[in-house]
Amino acid sequence: MNELVFFINKVLISGAVIGSIYAMGAIGVTLIFSILRFAHFAHGDLMTTGAFVTLFLTAMFPEAGHAVGLPTAFVMMPFAMVITSFLAIGLDKAFYKPLREANVKPVVMVMASIGVTLMLQGVVRIFFGTSSRNLFVDDRKEIFRLELPWELASRKIIITEPQVLLFVFTIVAVVALHYFLTRSRLGKAMRATSDNADLARISGINTKTVVTVTWVIAGCLATAAGTLLSLDVALKPDLSFQILLPIFAAAIVGGVGHPYGAVIGGFVVGFAETLAVFNWAILLRPLEKAYEWDLPSNLALVPTEYKITVPFFILIAILVLKPTGILKGQVL
Amino acid sequence: MAIIETKNIHGGYGGMNILNGVNMSIEQGEVGVIIGANGAGKSTSLKAIFGLLNVTEGAIELNGENITNQAPHLLVEMGMAFVPQEKNVFVSMTVEENLEMGAFLRKDNFKSTLDSVYHYFPDLKDKRYQPAGELSGGQRQMVAMGRALMIEPKVLLLDEPTAGLSPLYMNEIFDRVVAINKEGVGILMVEQNAKQALAIAHKGFVLAAGRNRFTDTGENLLNDPEVAKSFLGG
Ligand SMILES: Nc1ncnc2c1ncn2[C@@H]1O[C@H](COP(=O)(O)OP(=O)(O)OP(=O)(O)O)[C@@H](O)[C@H]1O
Ligand SMILES: [Mg+2]
């Protein structure tokens, strides 16, 4: 029984945590691709930047969370989302819009976004230094230990408050995005622009507004993902490089340009990672005696330090087997 | 005063100029028909009017107001609608969503317009929840036309609305065009079925190499032996 609890903690909860983060990042990447037609490589840094904005606000008002009984950083997150959205729109105006208007090839946009990545990394380090930061400034992380009602299960299921907040936020965000895209006027305009930008303009849709909304959604989700991930572990300025590959893998696995695909892709990559580094020896241990096996102490598919290779292999596999992704890509 | 007029417009897609002086003008409630060989610049002329092309010389006027290089969404607001020749539906959206997008700028209730579009094109009503990408070429053409009508335009630009349609549907579209025009909508359309189109046209414009070759009433062009020889298939 304890082995099962271990599995739940190490695979189900961890996979769902990282899957939610990847999903939110991948939605942004996929939306930007479907409206602006380029791979936004600075997305990981939009996440770190958003998280640092949250850190800044949390440090400014360290007691704001006490009143509502939530982590202060979580209470500050919506404000950080607004600020980061403005920042994303500013980056677009300064760096991507001039290129777009000069009708450059998509690869030039990609290069520009790599430039923005490097710039954001520098800016974040100038203001916040290079060390790892804790988003709990004046409060501490609450950890829930859930007991299972069986006698054999002496271990407890462990889930932290930031993880619960992450799950709730992800579900709300995905449902809200779904209703936005299928029901609202602006959401439909976004789908129309993604489908056929010229026809959208001919129909009277102001595609500049659509571009702005795209940055707002991407900026908000990136901030949320960055903040909630940092709340769960720690905020590091180099977070973005670790997260960029899995996010792009998730977007491609799901089908580029497909927000629901991005959600699926995020969880596929997230669970694949946790399953790959999970030590299966622990689950098999009860059988060891019965069958007189000689199990090695570690039976993970991939050593933890090589976790980053998992999305890479998934990416290669999907590009070879089903290049369009799980849901057919290219349109919203 | 002309409801829509192009005055000696020049322009292209960034490289060489495609349009080298196009002059067209229709009055309120008239039908203008543009004919010409493939590559003559017919579609390019309509795109230029609708702000999808950089016009480098000349002017475009709507009711006497200069609209040269105006953003498309502003033109829609001024009562213009355009059905392009290609890629004229949102393939991933349902038929009804396509029509809704046509009414994007309308703040009032457009339910009655939707009903009248379904009344014009009953095929679409059965397929309303189907993605437009799953329709036949002719049905897509109806969606495209329906989308443009949703704004209840005063000026309608149509680029080969009957392309790929069976004769039955083709006549249906011509009837629709005449009916819409009877309601006072100015129509400027490109047509390959030159004879049939000129028969309903008040004005006709024959383009060649990006400029007017002949400009006259529809009737006069139909009876002009030179036009008949080169552009109406004898
Ligand atoms: N998007 C584009 N980019 C560059 N050149 C273009 C583009 N579209 C059309 N052209 C060029 O402009 C010229 C005129 O094309 P246009 O589409 O206006 O012809 P058309 O008269 O509508 O012909 P058709 O009867 O075949 O539709 C052609 O020589 C074509 O090569
Ligand atoms: Mg054409």
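Labels below follow one simple rule: chain letters A, B, ... track the order of the sequence lines, proteins then strands, and each chain is numbered from 1.
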Counting heavy atoms not belonging to [X], are there more than 12 under 6.0 Å from its [atom1]?
X	atom1	value
B:Y118	OH	yes
A:E101	CD	yes
B:K127	NZ	no
A:F313	CZ	no

> Top residue by heavy-atom pair count (under 4.5 Å) with chain A, among B:V83, B:I151, B:N98, B:V89?
Replying inline: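 Among B:V83, B:I151, B:N98, B:V89, the one with the most close pairs to chain A is B:V89.
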> So which of B:E100, B:M93, B:E97 has the biggest tally of heavy-atom pairs under 4.5 Å with chain A?
Replying inline: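 Heavy-atom pairs under 4.5 Å are most numerous for B:M93.
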>> Is B:F82 close to chain A through its backbone or its side chain, or both, or neither, when contacts mean heavy atoms under 4.5 Å?
In response: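 Its backbone and side chain both get close to chain A.
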What's the separation between atom [atom1] in [X] and atom [atom2] in [Y], rounded to the nearest 0.5 Å?
X	Y	atom1	atom2	result
A:N206	B:F104	CG	CZ	8.5 Å
B:F90	A:L199	CZ	CG	4.0 Å
B:L74	A:R201	CG	CZ	11.0 Å
B:E86	A:N196	CD	CG	11.0 Å
A:R185	B:K107	CZ	NZ	5.5 Å

> Can A:S203 and B:R147 be said to form a side chain to side chain donor-acceptor pair (under 3.5 Å), step by step?
Replying inline: CA-CA 8 Å; A:S203 304; B:R147 182 197 55 75; 3.1 Å; yes
> If we only count heavy atoms from C-beta on, is the A:D198 to B:L52 side-chain gap below 4.5 Å?
Replying inline: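 Touching, per the 4.5 Å side-chain cut-off.
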> Given that the side chain runs from C-beta out, which part of A:T209 has a heavy atom under 4.5 Å from chain B: side chain, backbone, both or neither?
Replying inline: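 No part of A:T209 comes within 4.5 Å of chain B.
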